[in-house]
Number of protein chains: 2
Amino acid sequence: MTSATKKHIYIYSPSGAVRDKAAFRRGIARLKTLGHEVEVDEAALLRHQRFAGDDATRLAAIGRAAASGADVALISRGGFGISRILADIPYKAVAKAIGKGTQFVGISDFTALQLALLTKTGAISWAGPALCEGFGPAGVPDMADGHSHGEQGGPDDIMEACFDDLISGQGEGAGWRQHRENFASTPNLIAGKAVSKRAGEDFSIHNATLWGGNLAVLTSLLGTPYWPEIKGGILFLEDVGEHPYRIERMLTQLLHAGVLARQKAVLLGQFTEYKLTPHDKGYKLQTVVDWLRSQLKTPVLTNLPFGHVPTKVLLPVGASTDLVVEGRDALLFWGHPH
Amino acid sequence: MTSATKKHIYIYSPSGAVRDKAAFRRGIARLKTLGHEVEVDEAALLRHQRFAGDDATRLAAIGRAAASGADVALISRGGFGISRILADIPYKAVAKAIGKGTQFVGISDFTALQLALLTKTGAISWAGPALCEGFGPAGVPDMADGHSHGEQGGPDDIMEACFDDLISGQGEGAGWRQHRENFASTPNLIAGKAVSKRAGEDFSIHNATLWGGNLAVLTSLLGTPYWPEIKGGILFLEDVGEHPYRIERMLTQLLHAGVLARQKAVLLGQFTEYKLTPHDKGYKLQTVVDWLRSQLKTPVLTNLPFGHVPTKVLLPVGASTDLVVEGRDALLFWGHPH
């Protein structure tokens with residue numbers, strides 16, 4: 001796959017230190033193979049403790065990304081490090097850059113910057129890949145069908161197509177099929193107060209603010225000045241390495257705080273890399289989903305292709321979005337948010 | 001050690017299912033050896049998935065503990081399960097029982113009930129042991145010096161002395177010695193806006209509300225109707241199995257929410273059972289403490305003997321308390337809160 005248009009992509013590290021430098025190099029090579037000009041921030045590979053440089057260094061890197069004039073500012077990786085610099089991020093500079101056409105793309109710890117940016121400026125950024133995990137996987141795409149989903153090696157085909165849609169200005173939406181469990185034991189499935197009282201009924205939502213990201217990072221902003229008070233929105237969530245009881249505790253905090261009930265829909269993405277134990281005795285992620293639905297009138301959809309997985313879509317955080325649900329199929333549509 | 005007075009102790013399970021039934025039995029035997037009458041709730045050993053019975057069962061158990069007329073209502077263990085039943089806990093019945101002399105004691109997940117109870121009723125409960133981890137350790141106290149700190153087997157001597165103080169109405173305070181790091185590299189150590197501007201200066205605080213508990217559980221209440229809005233208090237925190245970056249993320253949430261700055265002191269207890277990784281490259285718990293102090297004028301004390309460790313004091317959550325700091329030595333004094 002070669003991109004239709006050559007773009008300027010700026011790589012920087014606002015969070016954790018790059019651990020897998022080979023993946024970093026492969027990611028840059030891949031973006032160049034796709035036809036892009038890649039500019040690497042001077043601090044992208046620095047390390048201070050577990051961070052990609054100390055706090056001042058990472059703040060300066062965010063500033064350089066905003067000043068780069070690039071078409072896309074892409075994080076090298078997530079990790080941890082945004083929370084502690086939230087008070088000093090140059091939000092206005094980032095928002096101004098976005099206004100001039102620089103798309104900020106990232107995932108995981110980057111959720112904190114995205115939501116704080118939305119809170120402070122209303123600017124739209126993209127939940128999507130990071131360089132290392134997205135473009136850095138070893139191997140080449142499977143040539144048999146011209147597609148790869150990460151398993152055979154190389155970057156995921158769908159993610160790259162969505163990324164190409166974004167940078168070429170073609171991206172307008174994302175569709176997926178929900179888990180079958182949605183349509184089994186849970187009577188109030190997709191039966192939202194705001195949209196429909198009848199279980200399993202098709203529905204659609206118009207002009208709702210799409211927002212969300214990593215559940216742990218998002219929840220860690222609740223009660224702070226960086227929390228976007230979004231009502232009537234579409235909230236998407238994903239996480240990695242969190243046991244279902246922790247996922248439940250975080251969702252319960254959002255539930256008790258009234259956050260979930262104020263949304264028109266909650267979209268659960270991919271929750272991966274946790275281990276159930278013998279002590280769980282049947283308690284699992286679906287238990288949490290079922291319980292959440294029993295507490296909430298807002299429809300809870302599953303299986304959004306977003307998270308710490310190769311196959312994921314890019315989602316505009318803060319964009320006015322439509323959601324159409326027909327049976328198990330769901331479609332997000334945001335037109336041209338930028 | 002034999003208690004001066006025989007007391008009625010009620011054992012119940014509001015959170016996770018009891019896994020170590022031998023520890024449960026040893027704990028009961030130990031309390032009987034200390035001279036107490038022990039009553040075991042009918043659902044104390046039930047299991048539903050990872051919980052000690054389903055939600056209705058655990059709510060009923062809390063109600064029975066409140067109706068027991070016991071001197072102490074002691075949880076069997078922590079785990080997880082309070083968050084999801086917060087809306088239905090019989091707070092008034094628990095507060096009424098406390099008013100009639102039943103002391104509610106627990107730790108870990110129990111923090112959620114304690115803080116919600118404080119929020120809803122102002123009633124004081126005790127952060128302290130759970131039956132299994134506190135009184136259930138195998139072995140007998142070391143007879144050489146008549147003391148045990150859990151290592152040689154058997155329940156911890158200091159914890160049992162504090163428990164005895166509580167039930168005999170003698171408990172009036174707790175003292176400890178802070179980590180030496182407090183008095184080294186951190187210039188604004190115990191230099192609180194409210195108390196002192198000079199590093200290392202002795203200070204005292206009077207009539208402040210003592211509150212806190214497990215950091216993860218406490219933080220999971222922020223933004224919800226179960227969060228106690230305590231100003232000018234003394235906040236104590238502990239946790240288990242949380243990497244320092246997660247501890248930092250939670251403390252940062254409390255910092256950004258203004259919670260820490262509104263307290264007169266923050267007491268860090270024991271943070272245990274986490275693993276640093278090669279990626280941390282020198283980032284450790286002390287890094288988090290140092291960073292927190294650089295962001296905060298409120299004094300941050302360390303090494304409070306409370307947490308998921310054998311040697312711990314009992315602390316009255318919600319009680320008016322004095323704190324006296326002289327050099328490395330700190331003393332909490334609450335007189336007779338009940």
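Convention: sequence-line order gives letters A, B, ...; per-chain numbering from 1. All figures in this text were calculated on a predicted structure; none of them were measured in a lab.
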Could you have a look at B:Gly223, B:Ser83, B:Ser220 and say which one has the most heavy-atom pairs with chain A under 4.5 angstrom? B:Ser220
I need the B:Leu221 CG to A:Thr252 OG1 distance, nearest 0.5 Å. 10.5 Å
Based on non-hydrogen pairs under 4.5 Å, which of B:Met250, B:Arg246, B:His48 is most in contact with chain A? B:Arg246
At what distance, to the nearest 0.5 angstrom, does OH of A:Tyr245 lie from CZ of B:Phe51? 11.0 Å
Verify whether one side chain among B:His279 and A:Arg47 offers a donor that lies under 3.5 Å from an acceptor in the other. yes
Quick one, A:Val217 with B:Arg249, criterion side-chain contact (heavy atoms from CB on, under 4.5 Å). Give me CA distance, side-chain angles, the key distance, then yes/no. CA-CA 9 Å; A:Val217 175; B:Arg249 192 164 62 193; 3.8 Å; yes
Which portion of B:Ala112 sits near chain A, non-hydrogen atoms under 4.5 angstrom: neither
Work out which heavy atom in A:Thr219 is nearest to a heavy atom in B:Gln253; give both atom names and the distance. O-NE2, 2.9 Å
Quick check for you: among B:Lys284, B:Arg19, B:Lys281, B:Arg84, which has the greatest number of heavy-atom pairs under 4.5 Å with chain A? B:Arg84
NZ/B:Lys21: more than 12 non-hydrogen atoms of other groups inside 6.0 Å: yes
Counting only heavy atoms closer than 4.5 Å, note whether B:Trp227 contacts chain A via side chain, backbone, both or neither. neither
So how far is it from B:Thr287 OG1 to A:Gln49 CD, rounded to the nearest 0.5 Å? 4.5 Å
